[in-house]
Number of protein chains: 2
Amino acid sequence: MVKISSFNVNGIRAAQRKGFTDWVAQTDPDIICLQELRALEHQVPKKIKKLPYHEAYHTAEKKGYSGVGILSKEKPVRVEAGIGVDWIDEEGRVLMAEYSDLIVFSIYAPSGTTGDERQDLKMEFLDHFLPFAQKYLSGDKPVVFCGDFNICHTSIDIHNPKQNKNTSGFLPEEREWVTRLLETGYEDVYRRLHEGETDLYSWWSYRAASKDRNKGWRIDYHMGSPELLDAAEDAVIEMEWDLSDHAPVTITYSL
Amino acid sequence: MVKISSFNVNGIRAAQRKGFTDWVAQTDPDIICLQELRALEHQVPKKIKKLPYHEAYHTAEKKGYSGVGILSKEKPVRVEAGIGVDWIDEEGRVLMAEYSDLIVFSIYAPSGTTGDERQDLKMEFLDHFLPFAQKYLSGDKPVVFCGDFNICHTSIDIHNPKQNKNTSGFLPEEREWVTRLLETGYEDVYRRLHEGETDLYSWWSYRAASKDRNKGWRIDYHMGSPELLDAAEDAVIEMEWDLSDHAPVTITYSL
DNA sequence: CCTTCTAAG
DNA sequence: CTTACAAGG
């Protein structure tokens, strides 16, 4: 059994102030894919560095910005940072850890909410991502891309689809991109274990008490190779924790 | 009876979050001299604007920086901002309110702790201040300069005089400046009511739990004309409130 | 609304 | 250590 959590912490230091390590102790994942660390490696809180986990980080060059990490009980046999595109790799958005029988990625897609320029770069990231992800499907280990893709796929993944049809994160071209990722062979594991279920979100705006009213978006995914869908036994969004504006998405795989 | 408080709030918005208006309600001063508002007038919290006090402000041009104010139950007959020196007046450091039988100033002297350039400007401020203050002694109303002068006068005004003899705020030239202000005829009213008493401070560094250990500096004063010393009945530093790194210095005058 | 950064104290 | 700002989300 391998329990994997994907968690956009919105600042690992802020999350730790709110009890990140309490969450780790209670959920006890085998692998934790972190996004939006907003810290350099030396700024990661000591309590996290002292956890009984191996650590790998890919931080942004810009201080306090972006950054991904993977914590795991098992030591990875190989770690790789980046996707091979300079501007993306300078932003710390892609990190891979390979284990004896599994490959895990932590992914943080750019947000496009701050304007056209960033939206264009988000689409550029997505365009690079598709062939990058595809090549791992022909490998001999199951692979899962965990992370914040900053896209809701379908109408049931967002609380107000009509109002947001022109909002970055729910644009037709973004939603189609998720469809294409699924068509290449990846599975949205959480959704496949909760087909048709509504009101399941992984992010809530800090404004307007959105989480209290469950007015959220599902933008954090486990995009797994088919073997992993077969292995998936339990998939939960841990919205009882208030460590971030995102909730951890935790899936247990019988591997 | 006129109760006057001098209070460096270290950000009026932060102070209000910690209960500034509760302090006003409990202490119930007639006049409140505020320093380090760190806000423009429209940013002053609504709860403060709604107090049964007349308000006068002299804010810095730079957002979130410096700024002084005077709140009073009685409406001033005249309010004057500044000292007539451009750079000082742009920083919002001097404000006068004249009442029927009293003139009150709120003063915030520059800090010199950030380097030589600011220390030089602090001394320049002090040099302008002396003749400015002197001319109010020949007027026909008692006058008090309340505020944060950013100087400890004597060894008993600071918890560690030896270590700080080369520190801005306790430099010989600064301490001599206070002596000169007293020689021109002003009285350090709080000290005159607590002659020789030790461990009386008005500011504690936020670092190293200084306030818990009462490792402080007395840098906030009522510098009053002689009639006010005669009228002073009770002088307290209200260190039981934790609204700022400074405590209010509150003196009751029989006027 | 929240988390960073930096400047200022 | 704390308050502001500004950028980013």
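Fair warning: this is a prediction, and the values are worked out from it, not measured in the lab. Proteins get letters first, then strands, A, B, ... in listed order; numbering begins at 1 in each.
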*Using a cut-off of 6.0 Å, state whether more than 12 heavy atoms not belonging to B/E117 lie near its atom CD.*
no
*Consider the side chain of B/A14, meaning its heavy atoms from C-beta on, and name the nucleotide among D/dA4, C/dT4, D/dG9 that approaches it most closely.*
D/dA4
*Tell me: CD of A/Q35 to P of C/dT4, nearest whole Å?*
16 Å
*Given D/dT3, D/dG9, C/dT3, which nucleotide is nearest the side-chain atoms of A/T113?*
D/dG9
_Atom NZ of B/K165: over 12 foreign heavy atoms under 6.0 Å_ = no
*Taking only the side-chain heavy atoms of A/K18 (C-beta and beyond), determine which of D/dC5, C/dG9, C/dT3 contains the nearest atom.*
C/dT3
*Are OP1 or OP2 of D/dG8 and a side-chain N or O of A/T114 less than 4.0 angstrom apart?*
no
*asked:* How many whole angstroms separate atom CG of B/L121 from atom C1' of C/dA8?
replied: 14 Å
*Which is true for B/Q43 with a 4.0 Å heavy-atom rule: it touches a base, it touches only sugar-phosphate, or it touches nothing?*
sugar-phosphate
_Residue A/Y108, side-chain heavy atoms: nucleotide from D/dC5, D/dG9, C/dG9 that is nearest_ = D/dG9
_Using only atom types and a distance under 3.5 Å, with no angle test, would you say the side chain of B/S106 pairs donor to acceptor with the backbone of B/I70?_
no
*asked:* With a cut-off of less than 4.0 Å, is there a side-chain N or O of A/R17 near OP1 or OP2 of C/dT4?
replied: yes
*Provide, to the nearest angstrom, the distance between the CZ atom belonging to B/R38 and the P atom belonging to C/dA8.*
11 Å
*Can you tell me how far C1' of D/dT3 sits from CG of B/D242, to the nearest Å?*
16 Å
*Atom CG of B/N10 and atom C1' of D/dT2: how far apart are they, to the nearest Å?*
6 Å
*Could you tell me the separation between the OH atom of A/Y206 and the C1' atom of D/dG8, rounded to a whole number of Å?*
14 Å
*Out of C/dG9, D/dG9, D/dT3, which nucleotide sits closest to the side chain of A/R118?*
D/dG9
*Sorted by first residue and then second, give each salt bridge (charged side-chain N to carboxylate O under 4.0 Å, His left out) pair with at least one member in residues 60-71 of chain A; sequence neighbours left out.*
none
*Any donor-acceptor pair under 3.5 Å linking the side chain of B/Y221 with the backbone of B/I151?*
yes
_If we ignore hydrogens and angles and just use 3.5 Å, is the side chain of B/D89 paired with the main-chain N or O of B/I83 as donor and acceptor?_
yes
*Please work out whether the ring planes of A/Y201 and A/H159 are parallel, tilted or perpendicular, with thresholds of 30° and 60°.*
perpendicular
*Between A/R13 (CZ) and C/dT3 (P), how many Å, whole number?*
12 Å
*Could you say whether A/R207 or A/I12 is positioned toward the 5' end of DNA chain C, judged by the nucleotide with the nearest heavy atom to each?*
A/R207
*When the distance from CD of B/E91 to P of C/dA8 is rounded to whole Å, what number comes out?*
10 Å
*Taking only heavy atoms on the protein side, list every residue of residues 56-65 of chain A lying under 4.0 Å from any atom of DNA chain D, sorted numerically.*
A/K62, A/Y65
